[in-house]
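The chains referred to below are lettered A, B, ... by the order of the sequence lines, with proteins before strands, and numbering in each begins at 1.
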Amino acid sequence: MKKRKYPKDEIITFKSANEMPPLAVSLGSMRWNKTGSWRYIRPIYENKTPPCDEACPAGEDVEGVQYLCEQGKFEDAWKLILEEHPFPGVQGRVCYHPCEEACNRGHYDEAISIHAVERFVGDYGLNHGLIPPRLSQERGHKKSEKIAIIGAGPAGLVCAYHLARMGYTPLVLEAHPVPGGILRVGIPSYRLPKDILEAEIEHIIKMGVDIQTDSRVDRDLLLKDLKDFNAIYVATGAHESRNLNVPGEDASGVMSGLQFLIDLNLGKKIAIGKKVAVIGGGNTAMDTARSVLRLGSEVVVVYRRSRAEMPAIPAEVEEAEHEGIPIHFLATPIRVITDQERVVQMECVKMELGEPDESGRRRPVPVEGSNFIMDVETVFTAIGESPQLSFLTEDIQTEWGSIVVSDHGETSKKGIFAGGDAVDQPRTVAHAIGSGKVAAIAIDTFLRGKDTAKIAASVQIGQKGSVSMERYLRGEIRYNASKVVRFEDINLAYFEHKDRVDLPRADIEKAKQSFVEVNSGLPESAVTTESGRCFNCGVCNMCENCWVFCPDISISRKTDAFGYDIDYDHCKGCGICVEECPREAMSLEEEQK
Amino acid sequence: MRFQIPEHELMGPGHVACPGCGAAQAMRYVLKALGEKTIVVLPACCWSIIAGPFPYSSLQVPLYHTAFETAGAAASGIKAGLEIQGDTDTTVLAWAGDGGTFDIGIQALSGAAERNDDILYVCYDNEAYMNTGIQRSSATPWGAWTTTTPVRHFKNRPKKDIMMVMAAHKIPYAATATVAFPDDLVAKVQKAKTIHGTRFLHILSPCPPGWKIPSEIAIRLARLAIETKIFPLYEIENGEKYTITRQPDGVPVIEYLKFQGRFKHLTKSQMDDIQDMVEKEWENLLSKTERSH
C-alpha cells in the first residue's frame, strides 16, 4: 500500500482502493462537517442593562462597580464611577439608593448593599489619592467656548466636571461663600462630613473649573456680565422655604428649617429654644430635627400624613426615630400662639387620610374638634422648598415655580440650559447629578453643532432617563440593548443564598451628641463578599457556563479580549448556552435565510 | 459559582449528535477527565453515529466500534491486550447506551464485572433506543411514551435499577452522574480512574427528540431530574458503601415531567404515583446510605 497523507480536518476522497487503509480506520476529524447549517436560531453575546443601572438617576455603572469590587479592583471601580460623576464618597453617604430597590437579588434573598459598597469605593479613592480618569487628547482637547454655570451644587458641579473633561473651562458662580450647594449648606455633617465633600470638589477644581463663591447672580449680571457666554447652565437649586400659611407664623421663633441648616453649616450662631417643633416629613425636616437634637434641645416632628407618605429617605426617618425623635403623624399646625411676639405654643389639628391627590398620595383632611396645643419655643418649617427664579429673564419659561426644560435640559431660550432642583424633577442628589450630566452632553452637542436629541437617545441606559457619560465620551457601548434584565431572566441554579452585609449600626447615644458622622463604612473584606453576591444581571463576567455546556465544542474564549467566540460553522443552535447563561448576557436571534 | 472542568478538549466539533444532545456533553466531560491515554469501546448506540462515518472520527483518542451486545467483553479483551503489551496506564472506556447496557449488553457487562476486569464502563442513559427511533428499553421510566409504548399503552414497568445490579457484582466503584453537574461528573470519573477493577458510571443524558423537549432546556431537565430525586447522584463502593454526592432540593416531580412530551399524557394521579415511587426509592437509598456509614 502506498503511504499517503490525508487532510486532517477536510473531506477525504479515495481515488482508488489503493489509497484506502487496510482496515476501516479513521483518518481525519469531523471538522469538515459544517453542522452550523442545521441551525435556524443563533446564539449571540448581547449584554443588557441591569435594573440597578437603569434605576440610578446618576447613571452609574452599578453592576460594573460590583464586578470590579468582587475582584478587589477598587481603583478601577472608583474610576468607573468617576466616568459618570465625581461624587462617590458623597453619594455613598447621602444617596437614597433606588438601585437597591431595583436589584434583582432582592427577589431572591436580599438586594446587594450597593450604597455601602459605593461609600467604600469613594473613600478608597480619597484615601489613596486617586485622580479622575482623563480622556484622550482628541476627545478632551482644549475648547474656547465660554460656559457659565450658575450654582455650585451637585448639578452645576457635575456639569462643570464633565465639561472640563471635554476641554472646556467653565466658570461656576456660587452665591454662598463655599461651593457644594445643598451638599455643603443643607446636609448636616453627621450625614456627610465636610472633608469628604471638599476633597471631591477639589478634584473638580483641579480639572480647571473656576468656582467663584459669594457671587449671587441677579438679572443685571445675567444680562450684562454673562451676555457673551456661549452657553449658560442654571442650577440654582430650591432654597425658598414654603410658608405654613397659618396665623402667627411671622412671630419670632418661627423659622425656615433649611435656613437653619444653612446657618448651621456655615458656622453661624443660631439661638433656638429648649422645646422645638419641626413641621414636615421630608429630608429637610429630618435633618433639621436631628440637628436640633444635637444642639441639645427637645424636638418633635409634626407631619400631616402617615409614615407611608413621608418623602424623606426611609433610612433617615428610621435613624431619626432611632435617636429618639418622636414623629407626630397625621397632625398639622393651624395657629402659632405668641406671647409678646414670641412663640409659646402651637395649636394643631389631627388629620385623617382621604382620597389620593395629584401626587398620588392620600390627601390629609382635618378631623373636626381634634385640636390640641403643644408647648414650643421654636418652630421650624420644612414643608418643601421652591426655586428662587426672579433673576431669570422673561424669555426663559417657568411653570409652577420651576424652569421648564426639555429632556436634554434645554430651556426655552437657546443656549441656556437648566437642571437640578430648579427644574421640575425629584429633589434628590442623584437626580441633580443626572441632570448635570444630561446638560453637559446637551451643551457640548449644542456648541459642536450636533444633533442633541439623537445623541442623547444613543446614550440612554434602560428606559428611565439615565444616561451613560462613559458611552458619550468614550464611545464604548456598555449595553448594546435597551433591554433591562428582570428577575425571571436570571438562572437561579447558579446562585446560592447568602446573607446581605449591612452597614454596622452606630452607637446612638454617642452619635446624637455630636455632628460627627453617624455611620461607619464597611471593611474591605465585607465589600468583596458583598459585591460577590451580585447577579451581574445582563453583563458577561466570563463565568464559563456557555463554554462548559456547549455540546458542540463551538464556544471558545477570546485570546486577545474579554469574552467568547462562537464557531458558527459548527454551532447547531441548540440554545443551551443562552438558557444556562446565569445572567441573560446572551440572546437567540432568528437565523437569516 | 464556577465550574472547574479540565481545559483540554479530546472531542471536536462537526460530530452528528442532535442539537442539545446530552450524550455528546457526557463524552466531552468524560474524555476531559480521563485524558489522552484512553481507548473508547463503542457498541451500537447513538454514539456509533455521533462519532462520524468512516474515515472520520470526532474523537482524538482511539475508538473501537463493536457489536451491540459486546461492550463489556470487547473492553475486557482490549484491556488484556494492552496488559500483555505492558501498557498498564491506558484506560479502557466502554461507552454504551442504556439499550446496550440494561438490555442487550448486560451479559457481557455482568461477565466483565464478575471477573472484575480493569475497565471503566459508562452507560449514557437517554432512557430508550433513541438512535433507532425511540423504542422502549428497560431503562425507560414508568409512564413514558415511546414508539413501542404508545400513549394508550405507555410503559407500566419501573426503570430497571442498574445500580443495584452492578452493586450486586461487588465491583469497587459504581456511581451516577449527569451532564447538568459537570463538576460532580468529572470528579467521579477522576476518582474511577484511580481505582483498578470494574468501574461503572451511570450518566443520565437528556435526549431532546426522544424526550420531546426543546433542545435548550436539556440541561435544565437533567438538573431537575436530580433536584426532584428522580435520578439521585450517589456512589457505591465495593457494592456496599453508599454515598449521596448531592442533596436534592426536593422539587416535586411534576416540575420535571411537565416539560417533556413523553409524559404529556399522564394524569395528575399518575404523576402522584410517580412521586410516591420516587419517594420510596429515595427512602431506600437513604437507608442504604445510613446503613453503610
Side-chain angles (χ1 to χ4, degrees), chain A residues 6 8-14 19-21 23-36 38-41 43 491-496 532 541-545 547-557 567-582 588, chain B residues 1-7 9-29 31-32 50-65 179-183 185-186 205-206 208 214-224 226-227 249:
Chain A
Y6 300 97
K8 200 176 155 290
D9 294 329
E10 285 157 42
I11 291 183
I12 296 166
T13 44
F14 302 119
E19 293 188 355
M20 292 179 74
L23 293 167
V25 64
S26 58
L27 303 166
S29 82
M30 287 291 287
R31 201 172 273 275
W32 56 271
N33 187 26
K34 305 285 195 257
T35 50
W38 304 7
R39 195 175 59 234
Y40 58 92
I41 43 171
N491 190 335
L492 295 173
Y494 301 104
F495 300 101
E496 282 162 16
N541 66 357
M542 290 195 74
C543 76
E544 312 248 84
N545 269 20
W547 174 78
V548 165
F549 286 116
C550 178
D552 296 304
I553 311 106
S554 297
I555 290 178
S556 54
R557 293 185 205 96
D567 167 9
Y568 289 115
D569 278 350
H570 295 102
C571 164
K572 294 170 186 161
C574 71
I576 284 179
C577 50
V578 178
E579 179 76 17
E580 296 309 316
C581 174
L588 283 173
Chain B
M1 190 189 84
R2 278 168 196 262
F3 293 113
Q4 304 289 334
I5 67 168
E7 280 292 308
E9 299 286 357
L10 288 165
M11 181 176 149
H15 65 71
V16 292
C18 305
C21 177
Q25 288 166 319
M27 179 67 93
R28 182 173 167 234
Y29 300 143
L31 289 184
K32 276 174 174 288
I50 295 172
F54 170 76
Y56 309 102
S57 168
S58 50
L59 301 188
Q60 286 146 37
V61 295
L63 163 66
Y64 178 68
H65 289 275
V179 289
F181 296 94
D183 280 347
L185 193 157
V186 164
S205 308
S215 56
E216 69 270 20
I217 68 167
I219 295 294
R220 194 205 305 177
L221 280 181
R223 187 161 57 234
L224 280 168
I226 277 70
E227 302 299 15
D249 291 348

(request) Name the option with the most non-hydrogen atom pairs under 4.5 Å to chain B; the candidates are A:Asp569, A:Ile41, A:Asn541. (result) A:Asn541

(request) Check whether A:Asp9 gets within reach of chain B through its side chain, its backbone, both or neither, counting any heavy atom under 4.5 Å. (result) neither

(message) On a heavy-atom basis, which atom in B:Arg220 and which in A:Glu579 lie closest, and how many Å separate them?
(response) NH2-OE2, 2.6 Å

(request) Check whether any side-chain heavy atom of B:Arg223 sits under 4.5 Å from a side-chain heavy atom of A:Glu580, and report yes or no. (result) yes

(request) Over all heavy atoms of both residues, which pair between A:Glu10 and B:Tyr56 is shortest? Give the atoms and the distance, please. (result) O-CE2, 3.7 Å

(request) Quick one: which residue pairs count as a side-chain hydrogen bond (donor to acceptor under 3.5 Å, both in side chains) with a foot in residues 17-26 of chain B, not counting sequence neighbours? (result) none

(request) Sort out for me which of A:Gly36, A:Cys577, A:Cys571, A:Pro551 touches chain B most, counting heavy-atom pairs under 4.5 Å. (result) A:Pro551

(message) Using modelled atom types and a 3.5 Å cut-off, is there a donor and acceptor pairing between side-chain atoms of A:Lys572 and backbone atoms of B:Gly14?
(response) no

(request) Mind ranking A:Asn33, A:Val548, A:Thr35 by heavy-atom pairs under 4.5 Å with chain B and telling me who comes out on top? (result) A:Val548

(message) Just so I understand: if I count every heavy-atom pair under 4.5 Å between each of B:Val16, B:Ile217, B:Leu63, B:Val179 and chain A, which residue has the most?
(response) B:Val16

(message) Looking at every non-hydrogen atom in both residues, tell me the closest pair between B:Pro182 and A:Phe549 and how far apart they are.
(response) CG-CE2, 3.8 Å

(request) Against chain A, label B:Ala23 side chain, backbone, both or neither, depending on which of its atoms sit under 4.5 Å from a heavy atom there. (result) neither

(message) Show, in sequence, the C-alpha distance, side-chain angles and deciding distance for B:Met11 and A:Met30, and conclude whether the side-chain contact (heavy atoms from CB on, under 4.5 Å) test is met.
(response) CA-CA 10 Å; B:Met11 181 176 149; A:Met30 287 291 287; over 6 Å; no

(request) Only counting residues at least two apart or in another chain, list the ones meeting side-chain contact (heavy atoms from CB on, under 4.5 Å) with A:Cys550. (result) A:Asp552, A:Ser554, A:Ile555

(request) Please determine, among A:Leu588, A:Val578, A:Leu27, the option with the most heavy-atom pairs under 4.5 Å with chain B. (result) A:Leu27

(message) Counting only non-hydrogen atoms closer than 4.5 Å, does A:Trp547 touch chain B with its backbone (N, CA, C, O), its side chain (CB onward), both, or neither?
(response) both

(message) Give me the atom names and distance for the closest heavy-atom approach of B:Phe54 to A:Leu23.
(response) CE1-O, 4.3 Å

(request) Identify which part of B:Glu7 has an atom lying under 4.5 Å from any heavy atom of chain A, answering side chain, backbone, both or neither. (result) both

(message) Out of B:Gly12, B:Pro53, B:Ala26, B:Gly20, return the one with the most heavy atom pairs under 4.5 angstrom to chain A.
(response) B:Gly20

(request) Could you tell me which portion of B:Pro6 (side chain, backbone, both or neither) has an atom closer than 4.5 angstrom to a non-hydrogen atom of chain A? (result) backbone

(request) Examine whether an atom of A:Ser26 lies under 4.5 Å from a heavy atom of chain B, and if so say whether it belongs to the side chain, the backbone or both; otherwise answer neither. (result) both

(request) Quick one: closest heavy-atom pair of B:Ser215 and A:Cys574, and the distance? (result) OG-O, 2.7 Å

(request) Please round to the nearest 0.5 Å and tell me the distance separating atom CD1 of A:Ile576 and atom CD of B:Glu216. (result) 8.5 Å

(message) For A:Val25, which atoms come within 4.5 Å of any heavy atom of chain B: side chain, backbone, both, or neither?
(response) backbone

(request) Heavy atoms only, distances under 4.5 angstrom: which of B:Ser58, B:Pro19, B:Pro55 has the most pairs with chain A? Name it, please. (result) B:Pro55

(message) Given heavy-atom pairs under 4.5 angstrom as the criterion, report whether the side chain, backbone, both or neither of B:Tyr64 touches chain A.
(response) neither

(request) Output yes when B:Arg2 and A:Glu544 qualify as a salt bridge under the 4.0 Å nitrogen-oxygen rule, no when they do not. (result) no

